[in-house]
Amino acid sequence: MKQKRTFKFFALTLLLAAACALGGAKAEAAPLVLKFAGQNPPDHAATTAMNEIAKEVEAKTEGRIQIKVYPANQLGDYSLVYEELIRGTIEMAAISFPSQFDSRMDLIYVQGYTSSYEQVAKVYDPNGWFFKKMDEFNKALGVKLLGMYLDGMVGIGTVKEMRDPLNPKVDHGVLLRIPNMDVFKTALEGARFRTISIPFADVYQSMQTGVCDGDTGYAIVAAYTALGDVIKHWYNFNKNTECLGVMISAKLWEKLPDADKKVLQEAVNKQAALSIKNAEANDNKYLDLMRKKGIVVHTYTTEELRPLMEAFAATWSQLDSSKGKELMDEFKREMKKISDATK
């Protein structure tokens, strides 16, 4: 009898040990799964970059961190996603900077601070003034900025030919739709463009029906895919950039071990740098598609664009009231350094 009880006790001990081992293995194997929200279609270059970040992070953490990519606003538009980043209910995002949370984030859309990809590389440098400022604005809201992804350069698409497009002292004969941001309105009106603010969803019909004659605010790819059937002229001014912030919830970032932070940061840095390297080729690809579609594409050298860029820059002081004079003074000094270094 004693032998039987001893056997039962031994068997029970083995079962408990096995259960503990299985439970421990299961807990140890459970990965950290992060939702990564994007706003571009699945076949867009930015979505490809998001998937590459996910692959690299999973590989380098040996599966401990897994990132699930949700493109095409599947988790909500960029402003809703940003709110969830603040709360920590969405962990990562590659989205436009939502200036409704802090109008200073409109700094990314200021007109005329760059007209070349070489300048953009210096502006977006993770160790540079501009990046650190954008990180500062996001950090105050509970979001960590990991990288800035260049979607492309911005020009103007119109249904009719402009008058003297490079001369900032004459009316250009078009009513131009702009985003509802002072950084667009002050600069473009300062260069003698007449403007009207219309939601982007209504722009195509507005151009068709003559409510406006043109549009600006979107990169070449977006202009081609969304407005390619209505615009007749594209003016490749490279007057500002379309940029996505690659972000992570600060609530999560603060909890991650330094080794995992390093893996995430390196993966984002790689794709952000590639975005600048690849943007020019991608923009040229879509300019060619515009030409094949019958759109007249007007291209210019940096020197030819200089009078227009200088006219835009002359309006920057008008942003002192909304962005802060100290910030705008810093911005002017830092952008001049980059401009002087790339002439």
Side-chain angles (χ1 to χ4, degrees), residues 22-40 45-98 101-102 104-105 108 124-151 243-276:
L22 287 171
K26 185 177 179 181
E28 186 180 349
L32 175 63
V33 181
L34 311 181
K35 297 182 291 295
F36 195 2
Q39 63 191 43
N40 297 104
T47 306
T48 300
M50 292 170 69
N51 285 317
E52 289 300 316
I53 291 168
K55 287 178 190 175
E56 181 171 336
V57 170
E58 183 170 358
K60 288 188 175 179
T61 61
E62 298 180 336
R64 287 184 299 100
I65 299 178
Q66 296 179 8
I67 299 175
K68 173 68 174 171
V69 174
Y70 294 87
N73 293 322
Q74 290 177 15
L75 299 183
D77 71 13
Y78 71 100
S79 57
L80 290 174
V81 165
Y82 195 86
E83 287 184 26
E84 299 303 321
L85 284 174
I86 294 170
R87 295 188 183 102
T89 48
I90 291 176
E91 292 82 11
M92 293 182 67
I95 54 175
S96 299
F97 290 95
F101 295 91
D102 184 339
R104 294 175 300 174
M105 284 201 276
I108 193 70
Y124 286 9
D125 182 344
N127 298 309
W129 177 87
F130 198 103
F131 186 97
K132 289 177 180 177
K133 278 295 173 185
M134 296 300 287
D135 186 30
E136 176 188 317
F137 304 151
N138 283 277
K139 185 178 179 181
L141 294 165
V143 175
K144 168 66 179 173
L145 179 63
L146 295 175
M148 291 168 66
Y149 182 95
L150 178 62
D151 201 18
C243 173
L244 304 178
V246 183
M247 310 165 182
I248 189 168
S249 173
K251 288 184 177 180
L252 171 64
W253 183 253
E254 289 162 6
K255 294 177 183 176
L256 289 175
D258 288 344
D260 290 343
K261 287 180 179 178
K262 183 180 179 184
V263 168
L264 271 165
Q265 187 66 71
E266 287 178 349
V268 172
N269 285 351
K270 182 186 294 185
Q271 294 304 318
L274 278 173
S275 75
I276 298 171

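Predicted, not measured: the structure shown is a model, and the values here were computed from it.
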Handout entry: Donor-acceptor contact present, side-chain Lys35 to main-chain Thr89, <3.5 Å
Key = yes

Completion exercise
Between Lys60 and Val263, the two heavy atoms sitting closest are CB-CG1, 3.8 Å

Handout entry: Leu32 CG to Asp260 CG distance, which is reported to the nearest 0.5 Å
Key = 8.0 Å

Exercise for the section: Quickly, which of Lys261, Met92, Met247 forms a side-chain contact (heavy atoms from CB on, under 4.5 Å) with Leu146? Name it, please. Expected result: Met92

Exercise for the section: Quick one: pull up CD in Glu266 and CD1 in Ile53 and give me the separation to the nearest 0.5 Å. Expected result: 12.5 Å

Handout entry: Pairwise distance CD1(Ile95) to OH(Tyr82) - rounded to 0.5 angstrom
Key = 7.5 Å

Problem - Minimum heavy-atom distance between Cys243 and Phe97, given as atom pair plus value - result: SG-CE1, 4.0 Å

Problem - Side chain to side chain, Leu141 and Met105, heavy atoms closer than 4.5 Å - result: yes

Problem - Considering all heavy atoms, the nearest Leu145-Asp135 contact - result: N-OD1, 3.3 Å

Exercise for the section: Would you check if the side chain of Gln271 reaches a backbone N or O of Tyr149 as a donor-acceptor pair within less than 3.5 Å? Expected result: no

Fill in the blank from the handout: Value for CE (Met134) from CE (Met148), rounded to nearest 0.5 Å, stands at 5.5 Å

Practice task
Answer whether the closest heavy-atom distance between the side chains of Arg87 and Glu83 falls below 4.5 Å.
Solution key: yes

Problem - Nearest atoms (heavy-atom pairs only) where Asn40 meets Ala46 - result: OD1-CB, 3.6 Å

Exercise for the section: First locate atom OH of Tyr70, then atom CE of Met50, and finally report the distance between them rounded to the nearest 0.5 Å. Expected result: 11.0 Å

Problem - N-O pairing of Lys139 and Glu136 below 4.0 Å - result: no

Exercise for the section: Drop me the distance from Thr61's OG1 to Leu256's CG, to the nearest 0.5 angstrom. Expected result: 10.5 Å

Fill in the blank from the handout: All heavy atoms of Ile67 vs all of Phe36, minimum pair found to be CG2-CB, 3.5 Å

Handout entry: Side-chain (Lys251) to main-chain (Gly142) donor-acceptor, under 3.5 angstrom
Key = no

Practice task
Could you check if a side-chain atom of Phe101 sits within less than 4.5 angstrom of a side-chain atom of Ile86, using non-hydrogen atoms only?
Solution key: yes

Exercise for the section: Grab the two heavy atoms, one from Leu85 and one from Ser249, that are nearest each other, plus how far apart they are. Expected result: O-OG, 2.8 Å

